[in-house]
Amino acid sequence: MRTTYYKVDPVNPDRGVLTEAAKLLRQGGLVAFPTETVYGLGANGLDSKAVGGIFRAKGRPSDNPLILHIDTPDKLSKLAATVPASAQALIDKYWPGPLTVVVKRLPHVPDAVTGGLDTVAVRLPDSLIARELIRLAGIPVAAPSANTSGRPSPTTAQDVARDLDGKIDAIIDAGPCAIGVESTVVDCTTPVPTLLRPGGITYEMLIAVLGEIEVDPSLAGSTAVPRSPGMKYTHYAPAAPMFLVEAGQESLSFLLRREINQALAAGKTVGAVVSAEVANELPQQVITAVYGPRAHTGVIAANLYTALRSFDNKAVDVIYAEGIAEQGLGLAVMNRLRKASGYRIICE
Ligand code: TXA
Ligand code: MG
């Protein structure tokens with residue numbers, strides 16, 4: 001399959017291009033498009049065959065359900081059997097934006113989308129291009145992150161191309177994504193809503209609306225069966241094995257340098273995913289990817305996947321990543337780093 005590349009201005013997108021891409025979606029094609037979180041791989045969310053193409057292109061296990069993307073809040077009632085008060089309160093406050101709500105589904109939502117569950121995940125993105133594309137297509141758009149399953153999510157069109165060129169119909173390039181980590185997923189079908197995946201809408205922002213929220217046990221790294229099927233798979237991982245160092249700020253740099261020096265002494269080529277502050281303290285021969293200044297979790301989130309992907313074409317034997325505090329977007333960043341490391345965590 002030949003992939004068509006479209007370049008559009010993020011603020012003033014060419015409607016002609018979006019109309020063409022929307023037509024591809026309506027015809028059952030696969031179109032990668034930007035959102036404020038990461039690039040999505042879109043297909044007609046009501047067409048099981050088109051949705052099947054997503055799983056094939058990504059190499060995604062078929063029991064990992066997809067998010068349906070809509071362009072206006074009223075479309076939720078066409079997909080959801082009921083909209084609980086918790087979901088409505090979150091939507092009123094945070095849509096459009098990086099928030100996905102899980103609600104009971106209506107029967108016409110395909111099993112291919114929900115992985116056979118009786119619930120469906122729905123999101124209204126803030127990205128102008130994403131919303132305009134969905135509006136022009138006139139259908140809910142099923143869209144997982146536009147990466148090969150297991151790889152770091154794509155935050156640029158080049159990331160998408162690297163994984164999916166030749167496997168999908170088109171890629172809409174509108175430059176890098178602003179947030180850089182995926183949407184927050186909240187299950188609103190439980191008596192107290194449950195946080196399934198931390199993301200662009202922070203825990204603190206959820207509490208501000210809901211008062212209380214449960215956190216899925218899998219987020220604490222426990223071995224309990226995750227309620228969000230996607231959480232049981234290895235994710236976001238770079239090619240080389242990665243170790244995550246978690247410690248207070250005083251001991252972090254010391255621990256990282258100790259581990260790195262041991263690996264270097266063993267003759268290994270070492271990579272590091274670290275803050276600007278720690279990068280300055282590492283031995284010269286370490287191949288570093290700087291994710292940003294320690295105090296700026298927003299910058300770190302935006303750069304995280306690019307930092308992980310920077311090792312794609314570098315022959316490192318092992319990578320060490322620096323953990324950050326779990327406040328604000330830090331919770332989402334740490335969730336992704338833990339998964340990317342396959343839970344190989346080094347503590348004090
Ligand atoms: O920011 C995002 O959410 C991006 C952009 C493209 O919108 N999309 C995204 O999709 O991250 P994906 O497929 O990579 O992640 C969807 C997550 C998975 O963890 C999946 O298991 C969970 O949402 N999910 C989907 N439907 C669900 C359901 N019915 N119940 C529980 N979890 C669900
Ligand atoms: Mg994904």
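Fair warning: this is a prediction, and the values are worked out from it, not measured in the lab.
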Kindly determine whether Asp173 and Val8 satisfy side-chain contact (heavy atoms from CB on, under 4.5 Å), including the steps that lead there. CA-CA 6 Å; Asp173 178 357; Val8 298; over 6 Å; no

What do the steps show when you test Val209 against Tyr94 for side-chain contact (heavy atoms from CB on, under 4.5 Å), and what is the final call? CA-CA 10 Å; Val209 168; Tyr94 298 124; 3.6 Å; yes

Just do the side-chain contact (heavy atoms from CB on, under 4.5 Å) check on Asn147 and Tyr305 with the steps written out, would you? CA-CA 11 Å; Asn147 53 303; Tyr305 290 134; over 6 Å; no

I'd like to know whether Thr100 forms a side-chain hydrogen bond (donor to acceptor under 3.5 Å, both in side chains) with Ser183, so could you lay out the CA-CA distance, the side-chain angles of the two residues, the decisive distance to 0.1 Å, and finally the verdict. CA-CA 6 Å; Thr100 297; Ser183 64; 2.8 Å; yes

Stepwise side-chain contact (heavy atoms from CB on, under 4.5 Å) check, Thr119 with Val103: CA-CA 5 Å; Thr119 55; Val103 292; over 6 Å; no

Decide salt bridge (Lys or Arg N to Asp or Glu O under 4.0 Å) for Asp126 and Arg131; before the verdict, give the C-alpha distance in whole Å, the side-chain angles of both, and the deciding distance to 0.1 Å. CA-CA 7 Å; Asp126 189 34; Arg131 273 187 287 148; 3.7 Å; yes

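Both Leu136 and Ile129 sit in one connected hydrophobic cluster of ILVMFWY residues. Membership requires side-chain heavy atoms under 4.5 Å apart, directly or through other members. Tyr5 and Ile168 fall within a single hydrophobic cluster, where Ile, Leu, Val, Met, Phe, Trp and Tyr are joined by side-chain heavy atoms under 4.5 Å apart, directly or via other members. Cluster annotation: Leu304 is not connected to Val299 through the hydrophobic network of ILVMFWY side chains, with a link wherever side-chain heavy atoms come within less than 4.5 Å. Leu46 and Ile67 are members of different hydrophobic clusters when ILVMFWY side chains are connected at heavy-atom separations under 4.5 Å. At a threshold of 4.5 Å between side-chain heavy atoms, the hydrophobic network of Ile, Leu, Val, Met, Phe, Trp and Tyr places Leu41 and Phe55 in one connected group.
In this structure a side-chain-to-backbone donor-acceptor pair under 3.5 Å is missing from Arg344 to Pro241. Judged by distance alone, with hydrogens and angles left aside, the side-chain atoms of Asp9 form no donor-acceptor pair with the main-chain N or O of Pro13 at under 3.5 Å. In terms of modelled atom types and a separation under 3.5 Å, the side chain of Thr184 and the main chain of Ile201 share a donor-acceptor contact. His108 contributes no side-chain N or O that, together with a main-chain N or O of Leu106, makes up a donor-acceptor pair within less than 3.5 Å. Between the side chain of Asn303 and the backbone N or O of Gly292 there is no donor-acceptor pair closer than 3.5 Å. Of the possible polar contacts, one joining the Glu204 side chain to the Gly328 backbone as a donor-acceptor pair under 3.5 Å is found. Counting only distance, with no hydrogens or angles, the side chain of Arg151 and the backbone of Thr148 share no donor-acceptor pair below 3.5 Å. Judged purely by atom type and a 3.5 angstrom limit, Ser251 has no side-chain atom pairing as donor or acceptor with the backbone of Ala247.
Separation of atoms OG1 (Thr114) and CG (Asp63) is listed at 11.0 Å; rounding is to 0.5 Å. The distance from atom CG of Asp159 to atom OG1 of Thr306, rounded to the nearest 0.5 Å, is 5.5 Å. For the atom pair Phe254 CZ and Glu259 CD, the distance stands at 9.5 Å (nearest 0.5 Å). Rounded to the nearest 0.5 angstrom, Met242 CE and Arg338 CZ are separated by 11.5 Å. Rounding to the nearest 0.5 Å gives a distance of 8.5 Å between CD of Glu322 and CD1 of Ile324. Ile287 CD1 to Ser310 OG: the interatomic distance, rounded to the nearest 0.5 Å, is 9.0 Å.
The side chain to side chain contact (heavy atoms under 4.5 Å, CB included) test with Val273 is passed by exactly one of Leu244, Ile319, Ile300: Ile319. Each of Thr194, Val186, Val192 was scored for a side chain to side chain contact (heavy atoms under 4.5 Å, CB included) with Thr190, with one residue passing: Thr194.
Thr202 is not listed as a side-chain neighbour of Leu331, based on a closest heavy-atom distance of 4.5 Å or more. Residues Thr155 and Thr37 have side chains not in contact (no heavy-atom distance under 4.5 Å, counting atoms from C-beta outward). With a 4.5 Å cut-off on side-chain heavy atoms, Pro10 and Leu128 do not count as touching. A heavy-atom distance below 4.5 Å is found between the side chains of Glu20 and Tyr6. Here the side chains of Cys188 and Val102 are not in contact, with every heavy-atom distance at 4.5 Å or above. Put simply, the side chain of Tyr203 does not reach to within 4.5 Å of the side chain of Leu329, judged on heavy atoms. By the 4.5 Å heavy-atom criterion applied to side chains, Asn261 and Pro283 are counted as neighbours. Considering only heavy atoms from C-beta on, Val181 stays 4.5 Å or farther from Val38 through its side chain.
Comment: Lys7 does not engage Asp14 in a salt bridge, judged by the lack of any side-chain N to carboxylate O separation of less than 4.0 angstrom. Using a 4.0 Å cut-off between charged side-chain N and carboxylate O, Arg105 and Asp111 make a salt bridge. With respect to the salt-bridge test (charged N to carboxylate O, under 4.0 angstrom), the residues Glu326 and Arg336 do not qualify. Between Lys58 and Asp163 there is no salt bridge, since no side-chain nitrogen of the basic residue lies less than 4.0 Å from a carboxylate oxygen of the acidic one. Using a cutoff of 4.0 Å between basic side-chain nitrogens and carboxylate oxygens, Glu36 and Arg123 are scored as salt-bridged.
The two residues Ile54 and Gly42 come nearest to each other via the heavy atoms CD1-C, 4.4 Å. Among all heavy-atom pairs drawn from Ala50 and Leu30, the shortest one is O-CD2, 3.7 Å. Between Leu66 and Ala142, the shortest heavy-atom distance links the atoms CD1-CB, 4.0 Å. Of all the heavy atoms in Ala302 and Ala178, the pair that sits closest is CB-O, 3.7 Å. Scanning both residues, Pro65 and Arg60, for their nearest heavy atoms gives O-NH2, 2.9 Å. When all heavy atoms of Leu124 and Thr72 are compared, the pair lying nearest together is CD1-C, 3.5 Å.
Ser253 and Arg257 share a donor-acceptor pair across their side chains, judged by distance under 3.5 Å alone. With hydrogens and angles left out, the side-chain atoms of Ser145 and Glu182 include no donor and acceptor closer than 3.5 Å.
The hydrophobic cluster around Leu252 extends to Phe243, Val245, Leu255, Leu256, Ile260, Leu264, Val270, Val274, Val278, Leu282, Val286, Val318, Tyr320, Ile346, counting ILVMFWY residues whose side-chain heavy atoms fall within less than 4.5 Å of a member.
Enclosure of atom NZ in Lys93 is not indicated, since only 12 or fewer non-hydrogen atoms of other residues, nucleotides or ligands lie within 6.0 angstrom.
Every residue two or more places apart in sequence or in another chain was checked for a side chain to side chain donor-acceptor pair (under 3.5 Å) with Asn313, and none qualifies.
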